[in-house]
Amino acid sequence: MSTLNTDIAIIGAGPSGLFCAFQAGMLGMKSVIIDALAAPGGQCHALYPDKPIYDIPSQPEITGQALIDALLLQNQPFAPNYLLGQQVTMVEGDAGNFRLKTSLGQEITAKAIIISVGSGLFMPNRPPLAEIELYEGRSVFYHVSDKQKFNDATIAIAGGGDSAIDWAVALGPQAKKIYVIHRRDKFRAMEHSLQKMMALVAAGKIELITPYQLHSLNGENGLLREVVLTDLDNNKRTLEAQYLLAFFGLKTELGPLETWGLESHKNHLAVAAHNMMTSKAGIFAIGDISTYPGKLKLILTGFAEGALACHNAYNFVFPNKALHFEYSTTKGLKS
Ligand SMILES: Cc1cc2nc3c(=O)[nH]c(=O)nc-3n(C[C@H](O)[C@H](O)[C@H](O)COP(=O)(O)OP(=O)(O)OC[C@H]3O[C@@H](n4cnc5c(N)ncnc54)[C@H](O)[C@@H]3O)c2cc1C
């Protein structure tokens, strides 16, 4: 894999990182955007794609996903390089000559780095079951990347929110049998998804097991055989199942970022409010991850911070060139 040489490495493809790539392009700087998730959009994409946002300037109402789609479209003239499904695991070097490495082994050189990792990496909440790690990746999953794997299978799906219901509905027709396990009788999912699930329940493809929660797993060599459940009175019930899909929401972790030696304050990167630079020259932080007195954690704040960071990163990318400020109306979409 050959090293990617760029001007700005943007870590995190949430709304702040995406708009930052546009700002970099406007200033004639090439950018690479790296994100741990398989799709860009950060919280807007992963946590609330269908929810309307009301406080994006000039957009009286726009859903999380529609905002991300618009940002991606706006970036097209500058064709930033998106490296998705990989996290940045290593950063070394100094301003003008940084080296980064991702979890897929991609090496990148950049003259400046802009960190826009929000609250960090989204990680699934794992159910606290003994030896669950022995089954993870073979019989126990927290997301579905290959639907075909579940053809004609017996699947236990645990959780009561949109992900659990959506996957029960999506896999229902191809699976042999699906058990949906929830600790309450009521589900917290979109009405139309619930209706689809109830149709599959009526067709005998899905069985609802409520109010029950996961107790333990039985199997050999990472291959699941049974899922043991308990109800509120501690009565046990055992289901035969080949797979367990557990959807208990996502938590966030800063991950390797904590080892990069940047000054932090309560899990946020401390920056100078006038230029967004962290405690290390040439490394900037914007959006939810950055902090300074008076910080407001809003999408629009991340946009402005991206513009500020890029105007200051320019000095590290073009050390011998003065930056002449210009409006977009004056210069157009050319760098
Ligand atoms: C339910 C909900 C509703 C909201 N409503 C509003 C609203 O109405 N208005 C508003 O202004 N804000 C709202 N917010 C807040 C808004 O979504 C955040 O302020 C915004 O998403 C922050 O953007 P960001 O780009 O800084 O970070 P994020 O959106 O968190 O994106 C960060 C990205 O960085 C990636 N990442 C993390 N670590 C690494 C790593 N080491 N390597 C590679 N990638 C990494 C993550 O995978 C993620 O994609 C809402 C939030 C939630 C949860």
Side-chain angles (χ1 to χ4, degrees), residues 9-23 31-68 70-72 75 80-91 100-106 108 110 113-124 143 161-163 188 249-260 262 264 267-269 271 276 283-292 295-310:
I10 300 171
I11 308 176
S16 311
L18 290 177
F19 187 63
C20 186
F22 172 80
Q23 286 291 332
S31 67
V32 166
I33 314 178
I34 309 110
D35 201 293
L37 296 179
Q43 295 174 46
C44 300
H45 165 82
L47 301 183
Y48 58 103
D50 301 320
K51 276 206 166 89
I53 310 172
Y54 299 102
D55 55 356
I56 302 297
S58 90
Q59 300 291 325
E61 180 177 337
I62 186 165
T63 64
Q65 190 57 51
L67 174 67
I68 296 308
L71 288 166
L72 291 169
N75 276 350
N81 198 340
Y82 297 95
L83 300 181
L84 301 173
Q86 48 200 305
Q87 52 168 293
V88 175
T89 50
M90 191 265 318
V91 168
L100 300 86
K101 204 166 182 180
T102 76
S103 49
L104 293 186
Q106 178 66 59
I108 303 158
I113 295 175
I114 298 182
I115 300 175
S116 49
V117 296
S119 325
L121 299 163
F122 295 106
M123 309 291 278
H143 67 270
D162 284 311
S163 300
R188 287 169 290 102
L250 299 168
K251 61 180 176 174
T252 49
E253 277 178 14
L254 279 189
L257 178 68
E258 284 178 301
T259 61
W260 296 346
L262 303 171
S264 64
N267 276 336
H268 291 80
L269 294 178
V271 296
M276 294 295 125
I283 301 188
F284 301 80
I286 63 168
D288 280 10
I289 187 66
S290 71
T291 189
Y292 49 85
K295 165 85 180 197
L296 202 52
K297 269 196 192 180
L298 282 175
I299 294 169
L300 67 89
T301 317
F303 289 164
E305 292 171 352
L308 202 49
C310 282

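Remember, it's a predicted structure, so these values are computed and weren't measured experimentally. Just so you know, ligand 1 is whichever comes first in the structure, and atom 1 is the first atom listed for that ligand.
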What do you reckon, does W260 have a nitrogen or oxygen under 3.5 Å from a nitrogen or oxygen of ligand 1?
-> no
Output the list of atoms in ligand 1 that are nearer than 4.0 Å to some heavy atom of G42, sorted by atom number.
-> 29 (O), 31 (O), 48 (C), 49 (O)
Test W260 against V88 for side chain to side chain contact (heavy atoms under 4.5 Å, CB included), laying out the working first.
-> CA-CA 11 Å; W260 296 346; V88 175; 3.7 Å; yes
Within-shell test, G302 vs ligand 1, heavy atom, strictly < 4.0 Å = no
T301 and K295 side chains, donor-acceptor separation under 3.5 Å = no
List the closest protein heavy-atom neighbour of atom 51 (C) of ligand 1: residue, atom name, distance to the nearest 0.1 Å.
-> Y48 CE2, 3.4 Å
Numbered atoms and elements of ligand 1 in range of I34, under 4.0 angstrom, heavy atoms | 43 (C), 44 (N)
Would you mind reporting whether L67 and I299 have side-chain heavy atoms less than 4.5 Å apart?
-> yes
Check: of D55, T301, T102, I62, min heavy-atom distance to atom 9 (N) of ligand 1 comes from D55
Check each heavy atom of D35 against ligand 1 and say whether those closer than 4.0 Å belong to the side chain, the backbone, both or neither.
-> both
Stepwise side chain to side chain contact (heavy atoms under 4.5 Å, CB included) check, F122 with L47 | CA-CA 10 Å; F122 295 106; L47 301 183; 4.0 Å; yes
Would you mind reporting whether D288 and S16 have side-chain heavy atoms less than 4.5 Å apart?
-> no
Counting both backbone and side chain atoms, is some N or O of I286 under 3.5 Å from an N or O of ligand 1?
-> no
Does an N or O from Q86, backbone or side chain, lie closer than 3.5 Å to an N or O of ligand 1?
-> no
Honestly, for I11 the part within reach of ligand 1 (heavy atoms, under 4.0 Å) is side chain
Has L257 got any heavy atom lying under 4.0 angstrom from an atom of ligand 1?
-> no
Got I289 and L254 here, is their nearest side-chain heavy-atom distance under 4.5 Å?
-> yes
Indicate yes or no: at least one non-hydrogen side-chain atom of C20 is less than 4.5 angstrom from one of I286.
-> yes
For I34 and A9 the tightest heavy-atom approach is CD1-CB, 4.5 Å
Does an N or O anywhere in A36 fall below 3.5 Å from an N or O of ligand 1?
-> yes
S116 near ligand 1, heavy-atom distance under 4.0 Å?
-> yes
Is there a side-chain contact between F284 and L308 (heavy atoms, below 4.5 Å)?
-> no
re atom 24 (P) of ligand 1, the protein heavy-atom contact at minimum distance is S16 OG, 3.3 Å
Looking only at protein heavy atoms, which one is nearest to atom 29 (O) of ligand 1, and how far off is it?
-> Q43 N, 2.9 Å
For atom 38 (N) of ligand 1, what is the nearest protein heavy atom, given as residue, atom name and distance?
-> L121 CD2, 3.3 Å
With side chains defined as the heavy atoms from C-beta onward, is the minimum distance between I283 and L269 less than 4.5 Å?
-> no
Sub-4.0 Å atoms of ligand 1 with respect to non-hydrogen atoms of I53 = 7 (C), 8 (O), 9 (N)
Near G287 (heavy-atom distance under 4.0 Å), the atoms of ligand 1 are 26 (O)
Could you check which of G120, G12, P256 puts a non-hydrogen atom nearest to atom 37 (C) of ligand 1?
-> G120
Give yes or no for whether the N/O distance cutoff of 3.5 Å, strictly under, is met between K51 and ligand 1.
-> no
Which one holds for Y54 and ligand 1: side chain close, backbone close, both close, or neither close, with close meaning a heavy atom under 4.0 Å?
-> neither
Closest approach of any protein heavy atom to atom 18 (C) of ligand 1, naming residue and atom | D288 OD2, 3.3 Å
Name of the residue among D35, V32, L72 meeting side chain to side chain contact (heavy atoms under 4.5 Å, CB included) with Y82 | L72
Is the closest side-chain heavy-atom distance between I11 and Q87 below 4.5 Å?
-> no
Identity of the nearest option to atom 12 (N) of ligand 1, non-hydrogen atoms only, from I299, V88, L37 = I299
Starting from atom 27 (O) of ligand 1, locate the nearest protein heavy atom and write down its residue, its atom name and how far away it is, to 0.1 Å.
-> G118 CA, 3.2 Å
Could you tell me which non-hydrogen atom of G41 sits nearest to which non-hydrogen atom of L18, and how far apart they are?
-> N-CD1, 4.3 Å
CD1 on I56 to CZ on F303, rounded to 0.5 Å = 5.0 Å
Do E258 and S264 come close enough that some side-chain heavy atom pair is under 4.5 Å?
-> no
Please confirm whether K297 comes within less than 3.5 Å of ligand 1 when only nitrogen or oxygen atoms on both sides are compared.
-> no
